[in-house]
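Below is one structure, written out as structure tokens, with a few remarks after it.
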Protein chains: 2
Amino acid sequence: MLKLTRKIDYALVALARLAKPDVAEDSPLSARQIAEDYQMPTPLVTRLLKDLQRAGLVTSTRGAHGGYTLAMAADEIAMTLVIEAIEGPVQIAACCDETEANPCDACQVIPRCPITSKIKKLNDHVVDLFRQVTLADMIEPEVDVPSEAINIVRAGAGAS
Amino acid sequence: MLKLTRKIDYALVALARLAKPDVAEDSPLSARQIAEDYQMPTPLVTRLLKDLQRAGLVTSTRGAHGGYTLAMAADEIAMTLVIEAIEGPVQIAACCDETEANPCDACQVIPRCPITSKIKKLNDHVVDLFRQVTLADMIEPEVDVPSEAINIVRAGAGAS
DNA sequence: ATTAATAGGATCATTTCGGTACTATTTCAA
DNA sequence: TTGAAATAGTACCGAAATGATCCTATTAAT
């Protein structure tokens with residue numbers, strides 16, 4: 001259904017929380033605290049942060065007073081990075097798997113599929129869109145004027 | 001995972017088949033034949049075509065020598081229409097449900113969710129993108145030059 | 001030493017999705 | 001008028017993905 005999973009939602013909220021000014025290098029925030037702040041299941045948040053840490057999006061500090069902080073600036077954390085960290089490459093269909101030698105062969109469910117190459121192109125556009133949107137866009141204050149990046153994307157997508 | 005379901009793949013292939021020149025008002029193509037052409041499960045193709053018929057994208061003729069034909073031109077059949085016909089409105093997250101009075105209330109899984117409005121905006125861009133792409137883009141011959149619509153979208157999404 | 005935190009793995013339950021089966025109805029043709 | 005070919009509709013099943021939990025080990029500050 002072309003839908004973000006709940007995991008991604010949780011991860012974005014957690015990252016948005018870490019982007020708040022009260023979190024810094026020397027004052028990380030624990031997974032438990034993040035989960036409590038937004039009533040999210042603690043074990044799940046823990047696992048998601050671990051995934052994000054493996055991908056290099058957050059840094060972890062173990063032990064008492066430990067926790068997580070962002071590993072890079074909010075405007076560097078693109079949604080593609082978040083999605084890839086948690087559920088692998090963004091691909092709207094199986095035939096978009098770049099690791100396959102012959103893309104058309106990857107589409108094993110539909111022999112001689114007539115639209116494989118077109119689906120791949122569409123996938124590129126989706127990836128472009130999600131690479132344009134960063135954590136910074138998610139945490140900006142509530143105003144009616146969308147962010148610069150969003151405006152650019154919209155202008156492009158809206159033109160015809 | 002932000003992925004098209006196999007149903008959508010099947011539906012697109014079926015529609016692409018109906019767009020071929022051998023199918024016309026007076027010579028519809030049966031669901032069974034479409035399924036055979038691409039080795040797709042017949043009962044599933046039948047159900048998908050029924051959904052597409054309900055949405056007005058194809059017309060059906062019952063009885064012997066019956067079958068399906070496209071109900072409109074290929075460039076009028078946007079991917080959003082296909083997706084909506086088969087699995088409902090395009091919404092990348094629950095909080096994108098437009099039928100809800102208070103969008104933020106719809107996000108019942110995360111109280112005081114700080115990114116609901118931003119997710120909705122992102123959803124708008126996804127919808128825009130999928131509205132730009134039509135069946136005509138899916139069936140055009142295999143050339144390296146992408147279609148006009150795709151070019152426009154790409155130029156917009158790629159700019160920064 | 002104790003406490004508080006992450007790291008990692010194993011596991012379970014539930015929902016969704018892909019797929020099947022069966023019956024009714026309509027239409028053409030012999 | 002009868003049979004075959006097609007859609008229409010519904011109910012159902014199995015498997016895979018997803019959401020969620022539990023347990024243990026390790027690390028660091030007090």
Side-chain angles (χ1 to χ4, degrees), chain A residues 1-11 13-14 18 23 26-36 38-69 71 83 85-88 91 93-94 107-110, chain B residues 1-11 13-14 18 23 26-36 38-55 57-69 71 83 85-88 91 93-94 108-110:
Chain A
M1 151 86 97
L2 197 72
K3 191 158 62 178
L4 295 180
T5 60
R6 195 169 296 182
K7 281 188 197 175
I8 300 293
D9 293 337
Y10 287 155
V13 169
L18 289 179
V23 180
D26 54 347
S27 65
L29 195 61
S30 75
R32 219 190 78 247
Q33 187 62 51
I34 296 172
E36 275 183 12
Y38 296 103
Q39 304 284 314
M40 301 183 287
T42 306
L44 195 47
V45 171
T46 295
R47 225 185 56 190
L48 294 174
L49 285 168
K50 190 173 32 175
D51 288 341
L52 295 172
Q53 190 269 333
R54 277 207 205 94
L57 300 185
V58 301
T59 59
S60 64
T61 312
R62 291 171 78 150
H65 300 120
Y68 293 91
T69 61
I83 294 173
I86 293 180
E87 23 185 64
Q91 44 188 38
C107 188
Q108 294 166 344
V109 288
I110 306 178
Chain B
M1 153 88 100
L2 198 73
K3 191 159 62 179
L4 295 179
T5 61
R6 195 170 295 183
K7 280 188 196 175
I8 300 293
D9 293 338
Y10 285 156
V13 169
L18 290 179
V23 181
D26 54 346
S27 66
L29 196 61
S30 74
R32 220 190 79 246
Q33 188 61 51
I34 295 172
E36 276 182 11
Y38 296 103
Q39 305 283 314
M40 301 183 288
T42 306
L44 196 47
V45 171
T46 295
R47 225 183 52 187
L48 293 174
L49 285 168
K50 191 174 28 175
D51 289 340
L52 294 173
Q53 189 270 330
R54 276 207 206 93
L57 299 185
V58 302
T59 57
S60 65
T61 313
R62 292 172 76 148
H65 301 120
Y68 292 92
T69 62
I83 294 175
I86 292 178
E87 20 184 67
Q91 44 188 39
Q108 294 167 344
V109 288
I110 306 178

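Side chains included, hydrogens not; waters and symmetry mates left out as well; all remaining heavy atoms used. Residue numbers begin at 1 in each chain, while the letters A, B, ... track the order of the sequences.
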Filtered N/O pairs between nucleotides 9-12 of chain D and protein, under 3.5 Å:
{"unit_1": "D:dG9", "atom_1": "N7", "unit_2": "B:K50", "atom_2": "NZ", "d": "3.1"}

Please list, for nucleotides 25-28 of chain C, all pairs of protein and nucleotide N/O atoms separated by less than 3.5 Å.
{"unit_1": "C:dT25", "atom_1": "O2", "unit_2": "B:R62", "atom_2": "NH2", "d": "2.8"}
{"unit_1": "C:dT27", "atom_1": "O2", "unit_2": "B:A64", "atom_2": "N", "d": "3.3"}

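Whole-Å rounding puts the B:L44 CG to D:dT7 P distance at 14 Å. Put simply, CZ on B:R32 is 16 Å from P on D:dA8, counting in whole angstrom units. C:dT16 atom C1' lies 9 Å from atom NZ of B:K7, rounded to whole Å. When rounded to the nearest whole Å, the span between CD of B:Q39 and P of C:dG19 equals 13 Å. Spacing between atom CZ of A:R6 and atom P of C:dT14 amounts to 15 Å, rounded to whole angstrom units. Taking atom CG on B:L4 and atom P on C:dT16, their separation rounds to 19 Å, with Å as the unit. One interatomic measurement links the two molecules: CD1 of A:I34 to P of C:dT6, which rounds to 8 Å at whole-angstrom precision.
In this structure, A:P41 reaches the sugar-phosphate backbone alone: every heavy-atom distance under 4.0 Å involves primed, P, OP1 or OP2 atoms, never a base.
Distances shorter than 4.0 Å separate some side-chain N or O of A:Y10 from OP1 or OP2 on D:dA20.
In this structure, the salt bridge (Lys or Arg N to Asp or Glu O under 4.0 Å) partners of A:D51, at least two apart in sequence or on a different chain, are A:R54.
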